[in-house]
Amino acid sequence: MPRPGSLIPAAFYLRPVDVVARDLLGRHLCLGPVTLRITEVEAYGGPQDSASHARSGRTPRNAPMWEAGGCAYVYFCYGMHHMLNVVTGPPDRAEAVLIRSCEPVTGLDLVLERRRHVQGPALLTGPGKVAQALGVDLAFTGTRFHEPGGLELRAGSPAAAILAGPRVGVDFASPADRDRPWRFAEAGTPWVSRPRNLR
DNA sequence: CACAGGATCGTT
DNA sequence: ACGATCCTGTGT
């Protein structure tokens with residue numbers, strides 16, 4: 001059975017992080033039998049962004065952020081959740097896009113099993129839920145989305161309109177970074193975490 | 001080596 | 001509003 005959409009080439013990721021973030025909406029995330037369509041993302045800048053994991057420079061955990069765009073950066077949070085990011089830009093820019101919400105496309109039976117049969121948008125709205133549904137864990141950090149066979153990004157169907165707002169859970173950042181409107185979601189979709197604060 | 005805290009989630 | 005739960009970065 002062919003994959004839904006063609007594999008996205010490496011050049012896609014070599015643009016400013018907010019541009020790639022918007023362009024990721026509507027693309028397909030694929031792993032094994034599961035395909036998810038991206039509906040909500042957040043952009044994180046390099047060392048100068050006080051909300052980003054890159055703010056402390058290169059560490060063992062965030063090393064994939066310093067790779068060339070197209071790399072996966074996965075980290076473990078709050079002792080129980082995995083967070084999936086798409087690294088962007090040339091090497092050493094350390095920018096990444098957090099995948100916050102998706103809608104199901106294929107492999108729904110497996111997604112429902114992994115998500116304990118939660119009903120409605122609560123199934124996939126939130127970064128921890130997306131990673132759990134896809135089956136992504138730390139073993140995937142450092143892998144490349146444009147190389148076939150593993151965690152892949154494919155064409156999908158683009159978002160017609162996009163809403164933006166401040167990022168979630170970054171109250172610790174400086175005011176300028178806290179207020180930067182770098183959360184993006186497809187307009188009108190129910191597959192979004194915290195629909196408030198978007199316009 | 002010890003410790004404080006986190007780009008969250010689900011329940012109370 | 002809060003507890004779960006453990007990896008991570010930082011400091012001693």
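Just so we're clear, the structure is a prediction, and the values are computed from it rather than from any experiment. Per chain, numbering begins at 1; letters A, B, ... match sequence-line order.
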Given the rule in the side chain to side chain contact (heavy atoms under 4.5 Å, CB included) test, do A/D177 and A/W182 qualify, once you have shown the distances and angles that lead to the verdict?
-> CA-CA 9 Å; A/D177 291 330; A/W182 269 10; over 6 Å; no
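- With a 6.0 Å radius and a threshold of 12 heavy atoms from other residues, nucleotides or ligands, A/R114 has its CZ atom above the threshold.
- Contact footprint of chain A on DNA chain C: nucleotides with an atom under 4.0 Å from a non-hydrogen protein atom, first to last in 5' to 3' order, C/dA4 to C/dT10.
- Proximity of a side-chain donor or acceptor of A/T39 to a complementary backbone N or O of A/W191 within less than 3.5 Å is detected.
- By the neighbour-count criterion of 12 heavy atoms within 6.0 Å, atom CZ of A/R93 is sparsely surrounded, having that number or fewer from other residues, nucleotides or ligands.
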Which dot-bracket string fits DNA chain B when only Watson-Crick or G-U wobble pairs with both atom distances under 3.5 Å count, crossing pairs get [ ], and | stands for a partner on a different strand?
-> ||||||.||||.
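- Taking the six-membered ring where tryptophan is involved, the planes of A/Y75 and A/H53 are perpendicular, since the angle between them exceeds 60° and thus also 30°.
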Stepwise side-chain hydrogen bond (donor to acceptor under 3.5 Å, both in side chains) test for A/T125 and A/E40 | CA-CA 8 Å; A/T125 51; A/E40 180 192 356; over 6 Å; no
Would you check, one step at a time, whether the test side chain to side chain contact (heavy atoms under 4.5 Å, CB included) holds for A/F12 with A/L24?
-> CA-CA 10 Å; A/F12 173 92; A/L24 278 171; 3.7 Å; yes
Going through the checks in order, is the side chain to side chain contact (heavy atoms under 4.5 Å, CB included) test met by A/R37 and A/C102?
-> CA-CA 5 Å; A/R37 180 175 176 271; A/C102 293; 5.9 Å; no
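- Only the C1' atoms considered, B/dG5 is 16 Å distant from C/dC2, to the nearest whole Å.
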What do the steps show when you test A/L84 against A/F140 for side chain to side chain contact (heavy atoms under 4.5 Å, CB included), and what is the final call?
-> CA-CA 9 Å; A/L84 174 62; A/F140 289 89; over 6 Å; no
In B/S/- notation, 5' to 3', how is nucleotides 5-12 of chain B contacted by protein heavy atoms closer than 4.0 Å?
-> -BBBSS--
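- Looking at A/T143, A/V130, A/V74, A/T141 one by one, the single match for side-chain contact (heavy atoms from CB on, under 4.5 Å) with A/V136 turns out to be A/V74.
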